[in-house]
Amino acid sequence: MRRIAIERGDQPYGAVIVKARVIVGEGVSAVITNNDPTAHAEMQAIRDAARRLGTRDLTGCDMYGTSRACPMCEAAAYWARVTSMVHGASMADAGAPRLP
């Protein structure tokens with residue numbers, strides 16, 4: 001996802017949402033290409049997962065991202081009830097999302 005974001009001319013961030021070992025949401029940064037300050041990779045992945053699953057409740061889903069989620073994205077993951085977040089090349093476990 002990170003590579004796709006770069007190829008599209010955006011910031012080098014990507015994220016996926018996984019449920020039961022299946023990718024149910026994908027997101028690449030579109031902040032620059034869409035002129036949208038909220039189009040972070042994590043937000044895009046949450047939106048995609050909600051659309052694919054037909055629900056805003058992402059309980060049982062884990063988010064994997066290229067970097068630690070910003071406060072906006074972590075709050076969105078919290079409200080979407082994402083179960084856990086993992087980030088970076090080292091796959092650091094950030095735990096359950098929290099409200100900043």
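Just so it is clear, the model here is predicted, and its values are computed rather than measured.
Contact between Ala39 and Arg47 at its shortest, heavy atoms only, is CA-NH1, 4.2 Å. What you find for Cys61 and Val82 is that their closest heavy atoms are O-CG1, 3.5 Å. Scanning both residues, Arg2 and Pro12, for their nearest heavy atoms gives CG-O, 3.4 Å.
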Throw together a table of side-chain donor-acceptor distances under 3.5 angstrom for residues 28-37, partners on residues two or more places apart or in other chains.
unit_1, atom_1, unit_2, atom_2, d
Ser29, OG, Asp10, OD1, 3.0
Ser29, OG, Gln11, OE1, 3.4
Thr33, OG1, Asp10, OD2, 3.0
Asp36, OD1, Thr38, N, 2.8
Asp36, OD1, Thr38, OG1, 2.7
Asp36, OD2, Thr38, OG1, 3.4

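The shortest distance between side-chain heavy atoms of Arg68 and Glu74 falls below 4.5 Å. Within the 4.5 Å cutoff, no side-chain heavy atoms of Thr66 are placed close to those of Met1. By the 4.5 Å heavy-atom criterion applied to side chains, His87 and Ser67 are not counted as neighbours. Contact check for Val86 versus Asp62: no side-chain heavy atoms found under the 4.5 Å cut-off.
To the nearest 0.5 Å, atom CD1 of residue Ile6 and atom OH of residue Tyr13 are 10.0 Å apart. With rounding to the nearest 0.5 angstrom, the CD atom of Glu42 is 6.0 Å from the CE atom of Met63.
Under the salt bridge (Lys or Arg N to Asp or Glu O under 4.0 Å) criterion, Arg52 pairs with Glu26, Asp48, not counting sequence neighbours.
By the criterion of side-chain heavy atoms lying less than 4.5 angstrom apart, applied directly or through intervening Ile, Leu, Val, Met, Phe, Trp or Tyr residues, Tyr78 is not grouped with Ile46; the two fall into different hydrophobic clusters. A single hydrophobic cluster is not seen to contain both Val18 and Val24; linkage of ILVMFWY side chains at heavy-atom distances under 4.5 Å, directly or through other members, places them apart.
Residue pairs meeting the salt bridge (charged side-chain N to carboxylate O under 4.0 Å, His left out) criterion with at least one partner in residues 85-97, sequence neighbours excluded, do not occur; the list is empty.
Of the N and O atoms on the side chains of Asp57 and Thr55, not one donor lies less than 3.5 Å from an acceptor on the other residue.
A 6.0 Å sphere centred on CZ of Arg81 holds no more than 12 heavy atoms belonging to other residues, nucleotides or ligands.
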